[in-house]
Amino acid sequence: MSSGKSNKLNPTQADAVAHTDGPLLVLAGAGSGKTRIITERISYLIGEKNINPSNILAVTFTNKAANEMKERIHRLIGDRYKGLWIGTFHSVSLRILKREIKNLTGFKQDFVIYDEGDQIKLIKECMSRLNIGERTLEPRSVRSKIDSAKNKGLTPEQIESHTYNDRIAKIYDLYEKELRKLNALDFADLLYVTTNLFEEKPEILRKYQDLFHYILVDEYQDTNHMQYKIIELLSRKHRNVFVVGDDNQSIYGWRGADITNILNFERDFKDARVIKLERNYRSTKTILKAANELILKNKNRHDKNLWTEKQEGEKLSYYEARDERDEARHVVSEIENEISSSGRSYKDIAVFFRTNNQSRIIEEEFLRRNLPYTIVGGVGFYQRAEIKDVLAFLKVIANPLDNISLGRIINVPPRGIGKGTVDKLDEIARREGISLFDSIERVLNDKALPARATKNLERFFKMLSELIEMAQGVEIGKLLDKVLQKTGYLDLLEKEEERRENVGEILNLAAEFEKAEENATLHDFLDWVSLSSDVDRFNDKDDRVALLTLHSAKGLEFPVIFIIGMEENLIPHFNSTKNGEVEEERRLLYVGLTRAKEKVYLTGASRRRVFGKEERPVPSRFIAELPKELLVWNNHHGSRITKTRNTEYTDRRRYGSVSSRRKNKAATSNGKGYRAGQIIEHPMFGEGVIKRVEGTGGSAKITVSFPGRGTKKIIASYLERK
DNA sequence: CTGGACAAGCTTTTT
DNA sequence: GCTTGTCCAG
């Protein structure tokens, strides 16, 4: 990313930056200064060409990329950039919709955004209403089918007439109607409805066509059809589309990204120029050669050959571990090596994996050896139950029509409104065609429920009404505070350190948001949260090793990288080999390799537990596709590093059997060790039995079952041994 | 209505 | 193996 150290642009780069009018495709190989081209060009347009920043639209793939660009442009031209339209496709669309959606019938301006979880809940509801069992059709796959239809701009009727299952079309149809009723838009809607708006209201389209004299798109290879459509529509008047991308890094096909957008750019935009940036400023010759060689195996690509002036550099290392534990241990010991003998810092190093669940075992090993790390993504911050709960409260306050969120929190924390009551409310809401929220009021007026339920419901309704009233005019942080208190959510978390911290984090986010955005409303905050991702929160200033998926690694760079799980069925992933998507998997690995500046470590295991079953994986076909002479091959029998061998020997004994391993864990962690089955005492909960131990020492997370009080996750230092 | 025990299911990647 | 959903006793 920061390849812009060399202060002068090379001739090709300069050519792209100063390109005059008309469509231009910049095919920018990995590490060729892609971000720099865009930021320099925007600065050039504003600074040299005196273009008004509000006439420029720049679209990126992640919020992080957008923020980085903003910062860089600021550095180049100071405050003159203000007014520039910059953001992700989703956030730009949202901004347009917030202004214009009232012009479309059936939509309201104060809509909320539904994430994947909300979608699935709603789809389940639709399915049950259509009497379609979850066994015959998986809600998850229905969701992705609906999503991909929307990403292609297809209506329920259109997919019905296609080869699609007509049941999907029926669910899709009902789902859409429900979304409108709930006053909600899902992710795909943000793009889909924007295109519809442009197509149905030519005068609105014209307004934005007039506005955007210059349009720039980053990561063009990852655009889907709707995104293409938006760009195509908006650029019809001025025709100044400047897109930057690398077809070799297209890795979001599964999410509807359409690689033909970049492959057919010259066909879609007449008189388009194409500039290729083939000089890489990031990686050593060796790394680049390996990556080039690998990607050559793909057929579907623009021709492009990356080169560099950097030195040869070290060969890639490939280690075939005994099992996933040995793999983790190898990674950790190589990292320790890099730190002690090569003088690197933790933040110079990253570990990539194909699937999130691979991170757990690495994390355990890091904890054991006390290496600082951050996990980017994973069980995402925004996916955590407590965060979703808190946000659901806010969503209901912002939009009482939101049945899905209301359903989530109506009995959280438990307040005596059980399934029976909720079912009743649902029934009334459906029969009367009103929202769940309104049905509560109805029920209370009609006194249609048993006394106890009525009382509980009344209390809840009163509380919610008060909060809704309060929400007017009060700061988001304050409101959040009140919500936590009044709903009793804070009490619920009293003993849950980690969850409380997470809730604290959302309070921080609210405060930060309010500082950054003047006069921000609750709606603005919720929108912002909906469009934020965990990668956006990744902060590369802390001195920690980064643990992340290959997908989230895109756009980043590190001196040293590890790619673990180099096995068939992992990369290429099982699902891709079936679906003929191996080329995308190869690109994914290509993305991973080209993140490295100096050194690449690849690892795989010859045994691995998958779904709790012992498997014997085969090395990834991609290993064989890398030039042999650039790989240093090692396995766990090898004698390359005596240190590795020693740890392995002791570890084999240590992990020989579950029981000996547990004993050992308890015995080794200097008196603070815990193991499952042990009886402990907690100052609040009293005696309990340990169910699970994660990590070691005082900071270990211990899952304990307390008779009569449930299972809790507790930090070890809060416990007493019995 | 609540909590706990148990079973079933599932795991690709994310704006 | 872990998380989610379901069923049952209190």
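- Under 4.0 angstrom from either OP1 or OP2 of B/dT11 there lies at least one side-chain N or O belonging to A/Arg140.
- Taking the side chain to side chain donor-acceptor pair (under 3.5 Å) definition, one finds that A/Asp524 meets it with A/Thr521, sequence neighbours left out.
- If you measure from atom CD1 of A/Ile571 to atom P of B/dT11, you get 20 Å, rounded to the nearest angstrom.
- Using atom C1' as the reference point in both C/dG5 and B/dT12, the two lie 23 Å apart (nearest Å).
- Among B/dG3, C/dG1, B/dT13, the nucleotide with an atom closest to any side-chain atom of A/Thr355 is B/dT13.
- Separating the CZ atom of A/Arg360 from the P atom of B/dT11 is a distance of 17 Å, rounded to the nearest angstrom.
- You'll find a donor-acceptor pair under 3.5 Å spanning the side chain of A/Trp254 and the base of B/dT13, going by distance alone.
- For A/Ser576 and B/dT12, the shortest distance from a side-chain N or O to OP1 or OP2 is not below 4.0 Å.
- Look at CZ on A/Phe187: it is 8 Å from C1' on B/dT14, rounded to the nearest Å.
- With B/dT12, B/dC1, B/dT15 as the choices, the nucleotide that has an atom nearest any side-chain atom of A/Arg354 turns out to be B/dT12.
- Nucleic acid contact class of A/Ser530 (heavy atoms, under 4.0 Å, all strands): none.
- At whole-Å resolution of the value, CD in A/Glu585 and P in B/dT13 are 11 Å apart.
- Contact annotation: A/Asn356 side-chain N/O to B/dT11 OP1/OP2 distance is not under 4.0 Å.
- Checking the phosphate oxygens (OP1, OP2) of B/dT2, a side-chain nitrogen or oxygen of A/Asn411 falls inside 4.0 Å.
- At a cut-off of 3.5 angstrom, the base of B/dT13 holds no donor-acceptor pair with the side chain of A/Arg255.
- If you measure from atom CZ of A/Phe353 to atom P of B/dT11, you get 18 Å, rounded to the nearest angstrom.
- Distances shorter than 4.0 Å separate some side-chain N or O of A/Thr549 from OP1 or OP2 on B/dT14.
- Among the heavy atoms of the strands, none lies under 4.0 Å from A/Phe574.
- Heavy atoms of A/Arg415 sit under 4.0 angstrom from primed sugar atoms or phosphate atoms, though from no base atom.
- Salt bridge A/Glu364/A/Arg360: present, at least one basic N to carboxylate O contact under 4.0 Å.
- In this entry the distance linking CZ of A/Arg608 with C1' of B/dT11 reads 14 Å, nearest Å.
- Here A/Phe89 lies out of heavy-atom contact (under 4.0 Å) with every strand.
- Under 4.0 angstrom from either OP1 or OP2 of B/dT13 there lies no side-chain N or O belonging to A/Ser552.
- Using modelled atom types, one side-chain atom of A/Glu585 and one backbone atom of A/His573 make a donor-acceptor pair closer than 3.5 Å.
- In this structure, the CG atom of A/Asp118 is 15 Å from the C1' atom of B/dT14, given to the nearest Å.
- No aromatic stack links A/His551 and the base of B/dT13, using centre distance under 5.5 Å and interplanar angle under 30°.
- Residues A/Asn357 and A/Glu116 each lie close to DNA chain B; by heavy-atom proximity, the contact nearer the 5' end of the strand is made by A/Asn357.
- Taking the centre and axis of the six-membered ring of A/Phe61, the NZ or CZ atom of A/Lys554 falls inside the cone set by 45° and 6.0 Å.
- Distance CD1 (A/Ile120) to P (C/dT4): 12 Å, rounded to an integer number of Å.
- Residues passing the ring pair (Phe, Tyr, Trp, His ring centres under 6.0 Å) test with A/Tyr373, sequence neighbours excluded: A/Phe366.
- A salt bridge links A/Arg587 with A/Glu584; the closest basic N to acidic carboxylate O contact falls under 4.0 Å.
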